[in-house]
Engineer: 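Here it is, the structure in full.
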Amino acid sequence: MNAATTDASLIFNWEGPRRRKWAIATFIGASLLLHALCFYIFQIVYPPTVVLLPPPARVGLITNNSEEGRALLRWIDAEDPALTAVTHRQPEAWARALPKLEHVPSYLTQQPALKELPPLVVDLRPPSPQPPGPAPMLNREPAPHPITAATNVALSEEMVSLGKPAFPATKFVALTNELPDNARFRIAVNSRGEVRYCFPINSSGDAGLNEQARRHIALARFPARSTSTDDALTWGMATVEWGNVVARPAARSTSPSAP
């Protein structure tokens with residue numbers, strides 16, 4: 001078999017590989033040039049990003065420097081719905097509070113007697129089985145009765161300046177045996193001395209006493225300043241301080257009823 005008839009694909013190519021150093025260097029230079037161009041476009045041509053800071057926090061204060069601020073403060077003080085909606089006892093109050101009793105010390109009712117000094121010579125004889133007389137008995141004086149305190153209505157300075165009011169005779173009757181708290185009311189008096197408005201501010205813990213106290217204050221009459229029918233009202237506070245003459249409910253009988 002000669003070389004002319006031999007297939008060219010079966011003959012090895014013994015030529016050396018071509019050198020590609022210039023091609024790799026060309027690609028590396030083009031890459032550096034492209035990176036420099038991108039850096040120039042995105043860092044120099046484009047403007048820098050402007051960062052806007054958030055606006056500072058502002059707080060608005062309600063002061064009495066302006067007429068609107070004073071009117072708003074007076075309205076908040078007079079029309080606070082959280083105070084008028086309170087109908088239960090305060091959380092710090094006891095569920096079963098003990099009555100406030102006045103402590104009477106024993107040294108006010110009985111003067112203590114001074115003891116005699118023992119004799120210098122001690123008698124060592126046994127005592128006689130038949131003493132000459134009975135032992136003296138000292139009768140203690142009875143304890144003084146507790147002071148009776150009536151229910152009082154304390155008025156604010158605006159109401160005191162109107163004069164001494166005349167309250168109706170009211171017998172307060174409680175629905176529970178618990179000690180009531182002082183009840184406060186916001187009242188308005190016109191020029192004729194009549195109580196036009198009476199709003200409860202805090203509860204005494206007894207719904208019956210709250211209504212009786214409100215009616216007692218609403219029926220009060222202050223000295224008349226004028227006989228005109230104008231609507232000039234004087235607002236103030238009235239606090240009902242309960243005494244120890246409040247009637248308590250009768251105790252229920254626990255004995256079973258007869259069939």
Side-chain angles (χ1 to χ4, degrees), residues 62-90 92-93 97 99-100 102 145-249:
I62 303 175
T63 60
N64 56 358
N65 298 332
S66 61
E67 184 62 27
E68 295 180 356
R70 288 191 293 269
L72 184 58
L73 290 176
R74 288 195 298 267
W75 179 83
I76 293 175
D77 188 23
E79 303 294 337
D80 191 356
L83 298 178
T84 58
V86 175
T87 57
H88 53 80
R89 292 177 62 87
Q90 300 178 357
E92 63 268 12
K100 297 181 180 179
E102 182 180 1
H145 296 284
I147 300 175
T148 302
T151 301
N152 182 32
V153 179
L155 302 175
S156 59
E157 296 180 359
E158 298 84 1
M159 298 292 101
V160 173
S161 61
L162 300 179
K164 185 177 181 181
F167 292 97
T170 306
K171 182 180 179 182
F172 297 97
V173 180
L175 298 180
T176 61
N177 291 324
E178 298 182 1
L179 187 64
D181 297 333
N182 295 339
R184 298 179 62 195
F185 297 87
R186 182 175 294 276
I187 62 176
V189 181
N190 58 9
S191 58
R192 296 189 300 274
E194 301 173 350
V195 179
R196 295 294 304 275
Y197 301 102
C198 183
F199 301 111
I201 295 181
N202 68 310
S203 174
S204 63
D206 193 324
L209 288 179
N210 293 339
E211 180 62 24
Q212 296 173 29
R214 190 197 65 80
R215 191 183 303 109
H216 180 72
I217 296 176
L219 296 178
R221 291 295 178 268
F222 288 80
R225 291 169 290 173
S226 62
T227 57
S228 60
T229 59
D230 56 349
D231 294 337
L233 300 178
T234 302
W235 290 87
M237 303 292 297
T239 304
V240 179
E241 300 174 352
W242 306 104
N244 53 5
V245 295
V246 179
R248 301 296 177 182

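Values below: all heavy atoms of this structure, side chains included; hydrogens, waters and symmetry mates excluded.
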Engineer: Could you give the distance from OG1 (T63) to CG (L73), rounded to the nearest 0.5 Å?
Structural biologist: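 Going from OG1 on T63 over to CG on L73, the span is 8.0 Å.
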Engineer: Check A220 against V195 and note the closest heavy-atom contact, atom names and distance.
Structural biologist: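 Heavy atoms of A220 and V195 come nearest at O-CG2, 3.6 Å.
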Engineer: Quick check against the 3.5 Å criterion: does D206 have a side-chain atom that pairs as donor or acceptor with the backbone of L175?
Structural biologist: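 Side chain of D206 to backbone of L175, a donor-acceptor pair under 3.5 Å: yes, one is there.
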Engineer: Between R70 and N64 (side chain of the first, backbone of the second, donor and acceptor by atom type, cut-off under 3.5 Å), is there such a pair?
Structural biologist: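 Answer holds: yes.
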Engineer: Given 3.5 Å as the limit, does a donor-acceptor pair link the side chain of E158 with the main chain of T234, or not?
Structural biologist: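 No: the side chain of E158 does not pair with the backbone of T234.
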Engineer: Indicate whether the side chain of N210 and that of S203 have a donor and an acceptor atom separated by less than 3.5 Å.
Structural biologist: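 Yes, because at least one side-chain N or O of N210 sits under 3.5 Å from a partner of the opposite role on S203.
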Engineer: Ring-plane angle category for F172 and H216, please: parallel below 30°, perpendicular beyond 60°, tilted otherwise.
Structural biologist: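 Geometry flag for H216 against F172: perpendicular rings.
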Engineer: So, taking the atom named CD in E194 and the one named CG in L219, what distance separates them when rounded to the nearest 0.5 Å?
Structural biologist: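 It is 11.0 Å, given to the nearest 0.5 Å.
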Engineer: So, for F222 and G163, which heavy atoms are closest and what is the spacing to 0.1 Å?
Structural biologist: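 The pair with the smallest heavy-atom distance is CD2-O, 3.8 Å.
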Engineer: Can you see which heavy atom on M159 is nearest to which on G236, and at what distance?
Structural biologist: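 Of all heavy-atom pairs spanning M159 and G236, the closest is CE-N, 3.7 Å.
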Engineer: Kindly give the heavy-atom pair with the smallest separation between I187 and A238, and that separation in Å.
Structural biologist: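 Minimum heavy-atom separation between I187 and A238: CD1-CB, 4.1 Å.
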Engineer: Can you tell me if OH on Y197 sees more than 12 non-hydrogen neighbours from other groups inside 6.0 Å?
Structural biologist: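 No, not enclosed.
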Engineer: Might you point out which heavy atoms bring M237 and I201 nearest each other, and give the distance in Å?
Structural biologist: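 Shortest heavy-atom separation between M237 and I201 comes out as CE-CD1, 2.9 Å.
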Engineer: Might you confirm whether atom CD of E157 has over 12 heavy atoms from other residues, nucleotides or ligands at distances under 6.0 Å?
Structural biologist: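 No, CD of E157 has 12 or fewer neighbouring heavy atoms, counting only those of other groups under 6.0 Å.
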Engineer: Between F185 and I217, which heavy-atom pair has the shortest distance, and what is it?
Structural biologist: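 Nearest heavy atoms, F185 then I217: CD1-CD1, 3.6 Å.
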